[in-house]
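To keep things clear, I will list the structure first and then write my remarks on it.
Order of listing sets the numbers, starting from 1, for every ligand and every atom in it. From a predicted model like this one, the values you see are computed outputs, not experimental measurements. Scope of the values below: all heavy atoms of this structure, side chains included, with no hydrogens, waters or symmetry mates.
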Amino acid sequence: MFSKALIANRGEIALRVIRACRELGVASVAVYSEADARAPHVREADEAVLLGPAPSSESYLRGDAIIAAARRVGAEAIHPGYGFLSEREWFARAVRDADLVFVGPAAEAIAAMGSKTAARELAIAAGTPVVPGTTTALRDAAEAEQVAEQFGYPVLLKAAAGGGGKGMRVVHRRDELAVALASAQREARNAFGDDAVYVEKYIVGPRHVEIQVLGDHHGTMLHLGERECSVQRRHQKMIEEAPSVAVSPELRARMGAAAVAAARAAGYVNAGTCEFLLDSDGAFYFLEMNTRIQVEHPVTELVTGIDLVQWQLRIAAGERLPFTQESITPKGWAIECRITSEDPANGFLPSTGRVQYLHVPAGPGVRWDGGIETGSEITLHYDPMLAKLIVSAPDRAQAIARMHRALLELTIEGVDTSRDFHLRVMEDEEFRAGAIEIQWLERRLATLAAPTPPRESVVRAAIAAALLAERDRNTRRGASGAAPATAVASTGNRWMELARCEALR
Ligand code: MV4
């Protein structure tokens with residue numbers, strides 16, 4: 001095992017990796033920006049190196065400075081976390097060229113999966129089902145029309161260099177195709193510097209189900225089952241769970257084998273994820289492979305009992321995976337809610353400010369992977385995800401009840417968060433029935449993001465209103481006989497103001 005590893009990230013994932021390092025007896029080195037000087041990951045690591053000013057381009061994306069820091073402090077490995085440099089082929093290569101170990105796949109595997117068309121070709125060669133479509137860039141609208149005719153409408157135009165939905169256009173009719181192709185190409189060129197666009201049949205109403213894989217340097221490639229990630233908004237996942245209500249043991253085995261085959265075809269080593277669309281008939285299609293540890297990895301850890309981040313480090317250090325595929329079966333149910341500094345009642349507008357107070361849920365089956373503490377300053381420099389609340393329980397219904405309970409325990413004062421939104425999802429009948437697919441959240445956003453206070457809060461407000469009304473009446477009958485100065489005095493307390501308004505209705 002390494003004696004020292006550098007973590008090229010911040011926030012909750014940096015803390016997650018530091019914890020794994022400590023459990024393995026590996027000294028940890030944090031890196032940080034000027035804005036993060038007092039951040040928890042800096043304090044919790046054994047050492048820390050300042051990279052530069054707050055913007056990521058001047059700190060967490062400075063691959064050269066990060067590699068120099070690793071060499072200077074004598075770290076043997078660099079863990080990239082997710083985001084930032086985690087899927088940059090050049091960074092994985094530069095780490096290797098500096099005689100350091102990149103905790104992740106080889107640069108070549110990152111490159112192979114980075115191009116969506118190359119990944120499709122790899123998957124096809126491996127016998128992994130992909131959505132019907134092409135694997136080469138469309139030359140012009142005439143070719144697009146011909147291909148679309150072959151697969152039938154609706155079709156989806158996708159950027160070859162794409163990901164995250166950029167450069168994607170759904171086309172329902174032939175006469176929309178030319179305009180859609182031109183705008184997809186324009187968007188792809190602007191976003192990726194590459195205007196290659198190809199075409200797939202558009203799958204209507206599928207779930208997003210992904211398979212976790214883990215491969216070592218000795219030829220073992222295993223899958224750790226699926227995660228259901230359909231609850232997302234604008235390609236940002238909000239809630240993930242494992243297993244998926246839509247996946248039987250038999251389907252899990254087939255999807256798992258398909259993911260393992262695709263990963264093997266890419267020469268993949270370390271932890272990775274194959275994304276699939278699962279349609280309502282149970283047919284599944286490979287979309288792409290994420291060549292990093294993912295935000296939602298804890299739900300897999302909780303149902304398999306396998307510590308993915310520890311195994312990332314062990315694999316990178318050359319250890320063999322000691323598991324057999326048959327021994328890995330999901331046990332119980334895990335759900336994760338991403339706690340973000342966004343205001344669901346306001347179009348998920350990012351919220352900034354200081355965390356004035358934080359109370360973290362605890363108790364049976366509750367895990368908090370957080371990157372904040374009381375006093376943390378939330379800025380617009382970095383991702384709005386503050387923490388992940390993860391629960392596990394024997395079955396899905398109990399996991400939902402547990403998540404609801406844990407969310408009730410959670411208090412974050414100072415910034416708006418997604419907490420209340422998650423509470424409403426846990427109370428939602430369709431979610432509870434597992435009737436979710438990739439369009440579910442956007443369809444239900446109006447009801448789920450509405451700032452309707454929970455019933456018990458309304459009852460409390462009504463009681464407070466009655467008490468305040470009674471007090472105000474008594475004030476009017478006070479010794480002086482004078483009326484109170486203002487009907488609705490500002491108390492500086494929002495609840496009391498609301499209660500007063502209620503009392504005056
Ligand atoms: C699709 C699809 C339907 N049919 N491909 C979105 C981002 C990129 N990773 C692939 N995506 C999709 N590809 C075909 N042929 C629907 C989506 C899609 C989606 C996929 C996974 C999770 C959320 C999504 C939200 C909208 C669209």
Side-chain angles (χ1 to χ4, degrees), residues 82-83 87 113-124 128-136 138 144 147-148 150-172 176-177 180-181 184 187-188 191-192 194 196-212 226-242 244 246-247 255 258-259 262 272-292 294-296 299 336 338 348 436-445:
Y82 51 70
E87 294 183 284
M113 289 301 185
S115 156
K116 305 304 143 197
T117 40
R120 269 170 72 78
E121 280 173 356
L122 269 177
I124 292 165
T128 299
V130 299
V131 190
T134 61
T135 54
T136 51
L138 295 164
V147 176
Q150 186 189 333
F151 298 114
Y153 289 92
V155 295
L156 186 60
L157 302 176
K158 288 188 177 183
K166 277 220 183 71
M168 257 176 43
R169 292 287 184 285
V170 183
V171 181
H172 294 277
E176 297 169 345
L177 199 51
L181 179 63
E187 194 172 307
F192 313 111
D194 176 359
V197 167
Y198 68 102
V199 67
E200 286 181 7
K201 172 138 192 72
Y202 181 60
I203 309 296
V204 180
R207 290 168 183 263
H208 176 192
V209 174
E210 59 189 28
I211 301 279
Q212 177 72 54
E226 79 282 5
R227 292 186 286 261
E228 164 72 67
C229 304
S230 297
V231 182
Q232 56 84 42
R233 178 185 161 270
R234 299 189 183 172
H235 306 291
Q236 291 297 314
K237 295 167 188 165
M238 302 287 295
I239 298 171
E240 305 95 345
E241 52 186 300
S244 163
V247 177
M255 291 183 78
T273 299
C274 292
E275 291 188 5
F276 292 92
L277 293 177
L278 176 62
D279 75 16
S280 43
D281 304 328
F284 62 89
Y285 309 95
F286 172 86
L287 275 185
E288 54 193 77
M289 184 169 189
N290 300 317
T291 57
R292 59 170 191 276
Q294 287 190 264
V295 172
E296 59 271 27
V299 294
E336 170 178 284
R338 298 190 185 194
F348 287 83
I436 47 178
E437 36 76 32
I438 60 175
Q439 259 100 47
W440 179 78
L441 182 53
E442 248 136 331
R443 205 173 53 238
R444 293 294 316 279
L445 217 48

Does Gln294 form a side-chain hydrogen bond (donor to acceptor under 3.5 Å, both in side chains) with Thr273? I'd like the steps, not just the answer. CA-CA 8 Å; Gln294 287 190 264; Thr273 299; 2.6 Å; yes

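Within 6.0 Å of atom NZ in Lys201, more than 12 heavy atoms from other residues, nucleotides or ligands are found, so the atom counts as buried in its surroundings.
With Thr117 contributing its side chain and Thr136 its backbone, the two residues share no donor-acceptor pair below 3.5 Å. For the pair Glu87 (side chain) and Thr291 (backbone), a donor-acceptor distance under 3.5 Å is present.
Checked against Lys237 for a side-chain contact (heavy atoms from CB on, under 4.5 Å), the options Arg227, Glu210, Glu336 give a single hit: Glu210.
Contact shell of ligand 1 (protein heavy atoms, cutoff 4.0 Å): Val131, Leu156, Lys158, Gly165, Met168, Glu200, Lys201, Tyr202, Ile203, His208, Gln232, His235, Glu275, Leu277, Leu287, Glu288, Ile438.
Note on residues 273-290: pairs passing salt bridge (charged side-chain N to carboxylate O under 4.0 Å, His left out), not counting sequence neighbours, are Lys116-Glu288.
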